[in-house]
Every structure is written in structure tokens, then in C-alpha cells.
Protein chains: 2
Amino acid sequence: MSPKTETSAIAFRKHDHRRCQRQLLSEARQLCEARKLRLTSRRRQVLEILLASHQPLGAYDILAELNRVDSAERIAPAIVYRALEFLMAEGLIHRIESRNAFISCIHPGHHSAAQFLICRDCEQVAEFENIDPGLLSAADNLGFAVDHSVVEITGVCAECQKHGD
Amino acid sequence: MSPKTETSAIAFRKHDHRRCQRQLLSEARQLCEARKLRLTSRRRQVLEILLASHQPLGAYDILAELNRVDSAERIAPAIVYRALEFLMAEGLIHRIESRNAFISCIHPGHHSAAQFLICRDCEQVAEFENIDPGLLSAADNLGFAVDHSVVEITGVCAECQKHGD
DNA sequence: CGACATAGTGTTATATTATAACGTAACTTA
DNA sequence: TAAGTTACGTTATAATATAACACTATGTCG
């Protein structure tokens, strides 16, 4: 396994997730500061909810979590979608199209193409950077100008295979 | 441009679409016959609507088209979704996750992984077969068992670049 | 043929995901 | 502090998808 794979597939490896979480939040703060953007408390709340795991959450799951934590409020969907829009625009989270869900990015702010391996059993998601050069060269041969890529591979991770489905 | 690319990127090339359409419908019929499956008239209608172009259509677009063509009926969403489910299971169409839409498959019945280049201007979609070997080998190194892949690259095709956006 | 089993369809209702529109609050900067 | 801008809150609704159940068509075996 290459060092690159080690970093990318952190979701599928035991790691100190508290530290992972703190690290990513701190990178997000720095990034917003550098870009003169406001990581408001709503945006931070939504990011923190996503940073809590390497699993994708639906917008309404995030909404439920916000409403659970601060049970005095009754937050509406638009609020969550707006925070998600901001976080995606800044490369702090990704949308998993095949699940209508969102996940924290492990390389915050890199706008490069991401690829995901999604375990359908434990729902952990590993993120990789950089898209298939073969496909890119096919696009290039066609004169196709690439903008955005969605690469989502679903399957069963090694751990879940061990435990049986 | 390789011969493979020529075939795959048919959507981005001038071609006799009538013939393309007839050919794919006939392949679908043969495939269902071979598999002892019923290509009922509903299923055929939905397939034909998708075969009419190399553009993805939403389930509700298909529904509207069914209701337009046979204005006596008032068809419900479930009917369309059921036909789509059958056609996907048999590899006659694909779902484009990044658009919540469906498109006819140009290699009917091959259950192999498909990859798409989607023009955000003309909405034509080119389909390629076989997934990035680099990503597959990363999956393999992790002991990740791949089931299903979603590879959707959005951009602007050569023709639309010429015409300016 | 006729009774049964199964697969497909039609219908109603509802769940899930996402956005539009508009007013208010908070921050920023002169 | 006033004006401009950005973000938030609220209400309503749009767009996408599925569940549940009754009815119909098709196949099949006695």
C-alpha cells in the first residue's frame, strides 16, 4: 500500500479520530481566514457534524442533529443547505451524488477532483485525489473541457468483508 | 482518437441517430428474449423515450412525455420508476447520479462499469466502458470489493466550446 | 380448459430531497 | 452611525422517489 493510499483511505484505518477532527477544523478556520471568509457558527456547526465521522450524512440528517443538539431551536432545511453550499464552494466538504449526501473533505480547500470508495455496509468513505488519467486523456482527445468530476465506487471494505455481511 | 473512443463518444459525433435508435431497440428486444424477460409495452415506451436522444431525462420528464403522447392517460410516477428499475437491472439504461436522470445505454446488457462525459451546455452524454485501473488497484490494495461505480465528468464538449457559451 | 401462481400495472398516498422568495439581523467600512 | 453587504430565519412549495394495495395479464400444470 503506498503512502498516498494510507493517507487517503484513513476512513478504513484505525486512527485517532478526535485528532483528525480537530486538525481538519483548524485547517478550515485557517483557510477561511486566509480567504477572508466567515466561518460563522452555523457553518462551523454543520462542518463539525460532518467532521464527526467519515460517513456521508443527508441534509436532513444534519438538520435533525442540529435540532437535537439545540432542542430550543427548530431549524429549517434552507439553513442547512446554505451552509452546505458555502462549505462545498470552499472545498471543505463534498457531495456524494450517489447518496444525496455530504461528507467532510480530508484535503480541505484543494479544489482538485476527488474520488470515493464507499462501503455499503459500514458506510465509511475513503477519499482519494486526482482523477483517472485515462479518462482525462479521452476527454482531451475529444476536445472536452472538464469542469467537475464525480467518481464514486461502492462496494464492501476489507473490515466488513471479514465480519461477513 | 482511438476506434474505442469513436464508438463511445457517439453522442458528440454526427451520426444517423434513427439507425442508432433502431439498432439499440432491436438489441434490447433480443436481449430480453434471450433472458426470457418481458419487454412490455410500458417498458418499451420508456426505453424508446430515452433512446430518442443521447441526453439524460428525469423520471418526471419521461412521465410528461408519456402523458403527452397518449393524452388520454394520466400516468403516475410509480409506473415510470418501475420501468426504469427494470431497464437499469438489465443494463439497458443508466442512471446519471449527478443529475437525478436516466440515459439509454449504448452497450446494452454489458454490466461493466460505465463512465460518462456530460456536456453542461448541450447536455449530450458520451458513455465509455471500463473503470480507471488506477482506482481499481487502489481498491484492491485496500481489500475493497467493488460492486458499482459512478463516474460522471461534467464539462463542455468541443462543439459547444466552438459556439461559445 | 380452468385453477393457480406469478409478474406486471394502475392508483393513492406519502416520504425524501431541495429551492424560491422575502424579511430580519449581523457584520463591515466609510 | 448610516449605508451596503452578507448571512440567517421563515414560510411555502418544487422536484424526486417509494410504499402499499388492488387489479390485470401471462404462464403453467393438472
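Every chain is numbered from 1 and lettered A, B, ... according to where its sequence line falls, protein lines coming before strand lines. Below, all heavy atoms of this structure are taken into account, side chains as well, without hydrogens, waters or symmetry copies.
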### Task
Using a strict 4.0 Å threshold on nitrogen-to-oxygen distance, state whether A/Glu33 and A/Arg29 make a salt bridge.
no

### Task
Answer yes or no: is there an ion pair linking B/Glu97 with A/Arg99, defined by an N-O contact shorter than 4.0 Å?
no

### Message
Stacking between A/Tyr60 and C/dT16, defined as ring centres under 5.5 angstrom apart with planes under 30°, is that present or not?
### Response
no

### Task
With sequence neighbours excluded, tell me which residues meet side chain to side chain donor-acceptor pair (under 3.5 Å) with B/Asp147.
A/Arg120

### Query
Does the side chain of A/Phe86 reach to within under 4.5 Å of the side chain of A/Leu37, using non-hydrogen atoms?
yes

### Query
What pairs meet the side-chain hydrogen bond (donor to acceptor under 3.5 Å, both in side chains) rule with one or both residues in residues 56-66 of chain A, with sequence neighbours excluded?
A/Glu65-A/Arg68

What's the [atom1]-[atom2] distance between [X] and [N], to the nearest Å?
{"X": "B/Arg44", "N": "C/dT9", "atom1": "CZ", "atom2": "P", "answer": "11 Å"}
{"X": "B/Leu63", "N": "D/dA17", "atom1": "CG", "atom2": "P", "answer": "12 Å"}
{"X": "A/Leu57", "N": "C/dT17", "atom1": "CG", "atom2": "P", "answer": "11 Å"}
{"X": "B/Arg99", "N": "C/dA18", "atom1": "CZ", "atom2": "P", "answer": "16 Å"}
{"X": "A/Leu84", "N": "C/dT19", "atom1": "CG", "atom2": "P", "answer": "10 Å"}
{"X": "B/Asn100", "N": "C/dA18", "atom1": "CG", "atom2": "P", "answer": "8 Å"}
{"X": "B/Asn67", "N": "C/dT11", "atom1": "CG", "atom2": "C1'", "answer": "13 Å"}

### Message
I want to check one thing: is the phosphate of D/dT18, taken as OP1 and OP2, less than 4.0 Å away from some side-chain N or O of B/Tyr81?
### Response
no

### Task
Classify the angle between the aromatic ring planes of B/Phe102 and B/Tyr81 as parallel (below 30°), tilted (30 to 60°) or perpendicular (above 60°).
perpendicular

### Message
Does the protein touch nucleotides 5-10 of chain D at the base, only the backbone, or not at all? Give it as B, S and - per nucleotide, heavy atoms under 4.0 Å.
### Response
--SBBB

### Task
Indicate, with a heavy-atom threshold strictly under 4.0 Å, whether B/Arg95 touches base, sugar-phosphate, or nothing.
sugar-phosphate

